[in-house]
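Written below as structure tokens is the structure these notes are about.
None of these values were measured; they are calculated from a predicted model.
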Amino acid sequence: MKIAAAQIKPIKGNIKQNIENHKKLIDIAITRNVDVIIFPELSITGYEPDLAEELSIHYEDPILNDFQTIADRNNISIGVGMPTRIDDQLMISCIIFQPNRKRDIYSKQHLFPTEVDIFTKGEQFYQLEVLQNIISIAICYDLSDPLHSEHAFRNNSQIYFASVLNSVQGIDNDLYKLSHIGKKYNMHVMMANFIGESGGYTCAGQTSVWNNEGKPLGQLNNTREGILILNTENNQIEKCYNERVSIDD
């Protein structure tokens, strides 16, 4: 299986343009025969808690239908980040599109202290199965609770995927945590992060992959959009940059 972590430069609150930018990276993934691609936390809006209420959607909203069409036509699974609302609950979610299946959702279970007055935590752990590979999805501060990765291990995950916003101040700590998860639980670990500015943070990029011994296999830089692809069969890595988008654009 080939699985890609997407590194993207978000445009604050601009859902339509961010969707189009997602499609460009998905197109690159399709040309590399990727089976799964997952984007950073709140990738469709940028990490903007103050705007989340007005930007939120129900996870089945037709504004995201293009991702289902792409998944169906190209036999690729896609995970995008979005603030979602169900009744009176506002959540930080990863919406998952799989070929010829109803879309699915995972909502962040562990909220950062600055998020607790805005968002509701999700209650359900989530795993995605693709080509007999079980992928557990974490959203950023989920990493703060060791029980989250332990639960992934106890439920036979081969891949632990962290969809994050990580700042230049916080990146080193999370890189250490994710490497440790890979080594402790004998899982491949992946992280998808932003570049540029979002939510008042300077984003660190450095989207990364570790093998199931916790050793780094590859990392993107901190200036360009792109995808980092892991081939789980041979631990080979591909780096594919979108040369049209960088933090200087």
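Using modelled atom types and a 3.5 Å distance limit, the side chains of Ser157 and Gln127 yield a donor-acceptor pair. For the 3.5 Å distance criterion, the side chains of Tyr59 and Asp104 fail to qualify, holding no donor opposite an acceptor. With no hydrogens or angles considered, a side-chain donor-acceptor pair links Asn65 and Arg103 at under 3.5 Å.
Expressed to the nearest 0.5 Å, how far CD of Glu129 lies from CE of Met1 amounts to 10.5 Å. Here the straight-line distance linking atom CG of Asn212 with atom CG of Leu217 works out to 9.0 Å at 0.5 Å rounding. Here the OG1-CG distance, from Thr120 to Asp88, works out to 7.0 Å after rounding to the nearest 0.5 Å. Expressed to the nearest 0.5 Å, how far CD1 of Ile96 lies from OG of Ser77 amounts to 9.5 Å. Taking OG of Ser107 as the start and OH of Tyr126 as the end, the distance is 11.5 Å to the nearest 0.5 Å. The distance from the CD1 atom of Ile11 to the CD atom of Gln17 is 4.5 Å, given to the nearest 0.5 Å.
Taking the side chain as every heavy atom from C-beta outward, Ile76 and Val34 approach each other to under 4.5 Å. Contact of the Ile95 side chain with the Met82 side chain is registered, since non-hydrogen atoms from C-beta on lie closer than 4.5 Å. Side-chain contact check for Pro83 versus Thr45: some heavy-atom pair is nearer than 4.5 Å. The side-chain heavy atoms of Val209 and Val189, taken from C-beta on, include no pair separated by under 4.5 Å. Put simply, the side chain of Tyr160 does not reach to within 4.5 Å of the side chain of Tyr185, judged on heavy atoms. Using a 4.5 Å cut-off on side-chain heavy atoms (C-beta onward), Lys183 and Glu213 make no contact. Counting heavy atoms from C-beta outward, Lys9 and Asn21 have side chains that stay 4.5 Å or more apart. Between Gln7 and Leu228, every side-chain heavy-atom pair lies at or beyond the 4.5 Å cut-off.
Between His110 and His148, the ring planes are perpendicular. Angles over 60° get that label, and only those under 30° would be called parallel. Classified by interplanar angle (parallel below 30°, tilted 30° to 60°, perpendicular above 60°), the ring pair Phe97/Phe67 is tilted.
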With side-chain contact (heavy atoms from CB on, under 4.5 Å) as the test, would you mind laying out the steps for Val80 and Asn18 before giving the verdict? CA-CA 11 Å; Val80 303; Asn18 284 324; over 6 Å; no
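Taking the charged nitrogens against the carboxylate oxygens, Glu115 and Lys108 do have a contact shorter than 4.0 Å, which makes a salt bridge. Salt-bridge annotation for Arg154 and Glu150: present, with a side-chain N of the basic residue lying under 4.0 Å from a carboxylate O of the acidic one. One finds a salt bridge joining Lys2 and Glu238 here, because a Lys/Arg side-chain nitrogen approaches an Asp/Glu carboxylate oxygen to under 4.0 Å. A salt bridge is defined here as a Lys NZ or Arg NE, NH1 or NH2 lying under 4.0 Å from an Asp or Glu carboxylate O, and Lys24 with Glu225 fails to meet this definition.
Taking a 6.0 Å sphere around NZ of Lys12, one finds it holds 12 or fewer heavy atoms contributed by other residues, nucleotides or ligands. The environment of CD in Gln132 is sparse: at most 12 heavy-atom neighbours from other residues, nucleotides or ligands sit within 6.0 Å. Lys177 NZ: more than 12 foreign heavy atoms inside a 6.0 Å radius.
No option in Val36, Ile159, Ile3 other than Val36 meets the side-chain contact (heavy atoms from CB on, under 4.5 Å) test with Leu128. Here the options are Asn133, Asn211, Thr232, Asn235, the test is side chain to side chain donor-acceptor pair (under 3.5 Å), and the partner is His188; only Asn235 passes.
Considering every non-hydrogen atom in both Ile70 and Ile26, the closest pair reads CG2-CG2, 3.8 Å.
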